[in-house]
Protein chains: 2
Amino acid sequence: MLQLDSFLPYRLNVLAKRVSKALARQYEDRFGISIPEWRVLAILGREQPLSSNDIVDRSQMDKAKVSRAVTALVERGILARATHPQDQRLLRLSFTAEGRALYDRVAPLALDWERDFLAGLTAEERAALLGLVDRLEKRLGEMGEG
Amino acid sequence: MLQLDSFLPYRLNVLAKRVSKALARQYEDRFGISIPEWRVLAILGREQPLSSNDIVDRSQMDKAKVSRAVTALVERGILARATHPQDQRLLRLSFTAEGRALYDRVAPLALDWERDFLAGLTAEERAALLGLVDRLEKRLGEMGEG
DNA sequence: CATATTTTGTTTCACCTGAAACGATCTTGT
DNA sequence: ACAAGATCGTTTCAGGTGAAACAAAATATG
């Protein structure tokens, strides 16, 4: 018998969607950034420059979505889009000065929200949760799911 | 510094999306059921009859999405849509015989997939994960998200 | 009672999404 | 060097999405 309360795919989806929406409220209106745009920024905040494909790999977004988010961010002067010297198919995406400044304002907001969200968990519980997420991702890989 | 690897909103979203897609592969082609339709079935599988609003509450889908999924399932003869005798605004949704038969074939598929997916976790880890999801959902409620 | 307000589910509309087609570039094999 | 094929990112297009407007029905208020 399928018990939805304990059916993990269902529970994960509901939780993830609520978290995404709640977090988006922190930056959408204030900075005019969509969820896909925020994801691009978050990934570039860690590592730069990256190609669109790199972002696709790291974000699990499809390449059309990444392309649109990148285009919007470039048009707003937040990202610089250069081409790779050795391979002109590849973009080399990085923050402009303005983009870096924006990221430096948005990222703390996101981290603050996360801290508040996780306030009820101990450090051990947080680590355990991340560890479980890691293992489940790995399991998906083993199962041949992308 | 925002470390995306340990940023839970990001990790949850990537995981949930992959899980949803992988699971959807189990039933989409074989039974012609979309993800929202499957969710409606899963909820009705546990409790019947329900109104559309009940399904909205239990699924975190918006009411337009539920309305469309229900309409499609009714048109396919999978759900019966009766009106409540005391309140004619309310639908009383339940499986037809065909719908019950379909559910009885799809649900085991979903459970099998989940079992395979969770094969690497001990029973304790699974319980811990569900417990954490519960608490995070509750936390979102406290934060006024929904 | 009469009317205002609320609740339920559908529909509209502008936007988002992703699979597939595409042009451009690079790589492989001969 | 050349053709065939792969890879990268953009664009197209058919369909999905959700906020808001809506109609129908119930409830609350004076």
Side-chain angles (χ1 to χ4, degrees), chain A residues 13-14 16-18 20-22 24-25 28-29 32-40 43-44 49-75 79-94 145-146, chain B residues 13-14 16-25 27-29 32-40 43-44 49-76 79-94 145-146:
Chain A
N13 251 284
V14 170
K17 182 130 198 187
R18 289 182 71 188
S20 254
K21 277 180 96 170
R25 269 199 279 282
E28 262 181 342
D29 294 339
I33 299 172
S34 72
I35 293 182
E37 286 166 16
W38 153 250
R39 291 200 180 139
V40 169
I43 288 167
L44 284 172
L50 289 177
S51 71
S52 289
N53 242 7
D54 293 334
I55 296 175
V56 168
D57 292 342
R58 287 161 176 71
S59 69
Q60 289 284 321
M61 295 192 284
D62 68 291
K63 60 185 182 171
K65 203 181 213 171
V66 169
S67 172
R68 288 170 188 129
V70 165
T71 299
L73 291 170
V74 169
E75 278 169 0
L79 294 187
R81 169 160 44 186
T83 57
H84 190 100
Q86 268 78 50
D87 186 340
Q88 306 209 25
R89 293 170 308 180
L90 272 60
L91 301 181
R92 284 162 58 80
L93 297 165
S94 51
E145 307 292 356
Chain B
N13 251 285
V14 170
K17 181 129 199 187
R18 290 182 70 188
V19 167
S20 253
K21 279 179 94 168
L23 179 59
R25 269 199 280 281
Y27 56 77
E28 262 181 342
D29 294 339
I33 299 172
S34 70
I35 293 181
E37 286 165 18
W38 153 250
R39 292 202 179 138
V40 169
I43 288 167
L44 284 172
L50 290 177
S51 71
S52 290
N53 242 8
D54 293 334
I55 296 175
V56 168
D57 292 341
R58 287 161 177 70
S59 68
Q60 290 283 323
M61 295 192 284
D62 68 289
K63 60 186 183 170
K65 204 181 212 171
V66 170
S67 173
R68 289 171 189 127
V70 165
T71 299
L73 291 170
V74 169
E75 277 169 2
R76 280 183 57 193
L79 294 188
R81 168 161 43 186
T83 55
H84 190 100
Q86 269 77 50
D87 186 339
Q88 307 208 26
R89 294 169 308 179
L90 271 60
L91 300 181
R92 284 162 60 80
L93 298 165
S94 50
E145 308 291 355

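By convention in this document, chain letters (A, B, ...) are assigned in the order of the sequence lines, proteins followed by strands, and residues within each chain are numbered from 1.
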S.K.: Classify the nucleic acid contact of Ser51(A) as base, sugar-phosphate or nothing, counting any heavy atom under 4.0 Å across all strands shown.
M.R.: sugar-phosphate

S.K.: When the distance from CD of Gln86(A) to C1' of dA24(C) is rounded to whole Å, what number comes out?
M.R.: 18 Å

S.K.: With a 4.5 Å cut-off on side-chain heavy atoms, are Pro36(B) and Val66(B) touching?
M.R.: no

S.K.: For Trp38(B) and dG16(D), give me the distance from atom CH2 to atom P, rounded to whole Å.
M.R.: 20 Å

S.K.: How many whole angstroms separate atom CD1 of Ile33(A) from atom P of dC16(C)?
M.R.: 15 Å

S.K.: Give one of base, sugar-phosphate or nothing for Asp62(B), where a contact means two heavy atoms less than 4.0 Å apart.
M.R.: base

S.K.: If you check the Arg89(B) side chain, which of dA26(D), dC8(D), dG18(D) turns out closest?
M.R.: dA26(D)

S.K.: Can you tell me whether the side chain of Arg68(B) and the base of dG18(D) have a donor-acceptor pair closer than 3.5 Å?
M.R.: yes

S.K.: For the side chain of Arg76(B) and the backbone of Ala72(B), is there at least one donor-acceptor N/O pair under 3.5 Å apart?
M.R.: no

S.K.: At less than 4.0 Å, is any side-chain N or O atom of Lys17(B) found next to OP1 or OP2 of dG18(C)? Yes or no.
M.R.: yes

S.K.: Could you tell me how far apart Ile55(B) (CD1) and dT10(C) (C1') are, to the nearest whole angstrom?
M.R.: 15 Å

S.K.: Of Thr71(B) and Asp87(A), whose closest DNA chain C nucleotide lies nearer the 5' terminus?
M.R.: Thr71(B)

S.K.: Can you tell me the distance, in whole Å, between the CD atom of Gln88(A) and the P atom of dT27(C)?
M.R.: 11 Å

S.K.: Is a donor on one side and an acceptor on the other found under 3.5 Å between the side chain of Asp54(B) and the backbone of Ser51(B)?
M.R.: yes

S.K.: Quick one: Lys21(A) NZ to dT17(D) P, roughly how many Å, whole number?
M.R.: 13 Å

S.K.: Give the rounded distance in Å between these two atoms: CG of Leu91(B) and C1' of dA24(D).
M.R.: 12 Å

S.K.: Run Lys17(B) and Gln60(A) through side-chain contact (heavy atoms from CB on, under 4.5 Å) and show every step you take.
M.R.: CA-CA 8 Å; Lys17(B) 181 129 199 187; Gln60(A) 289 284 321; 5.7 Å; no

S.K.: Hey, does the side-chain of Lys65(B) have a donor or acceptor N/O within less than 3.5 Å of a partner on the base of dG18(D)?
M.R.: no

S.K.: Given atom CG of Asn53(B) and atom P of dA26(D), what is their separation to the nearest angstrom?
M.R.: 15 Å

S.K.: Determine whether a donor-acceptor pair (N or O, by modelled atom type, separation under 3.5 Å) exists between the side chain of Ser67(B) and the backbone of Lys63(B).
M.R.: no

S.K.: Taking only N and O in the side chain of Arg92(A), is any of them less than 4.0 Å away from OP1 or OP2 of dG9(D)?
M.R.: no

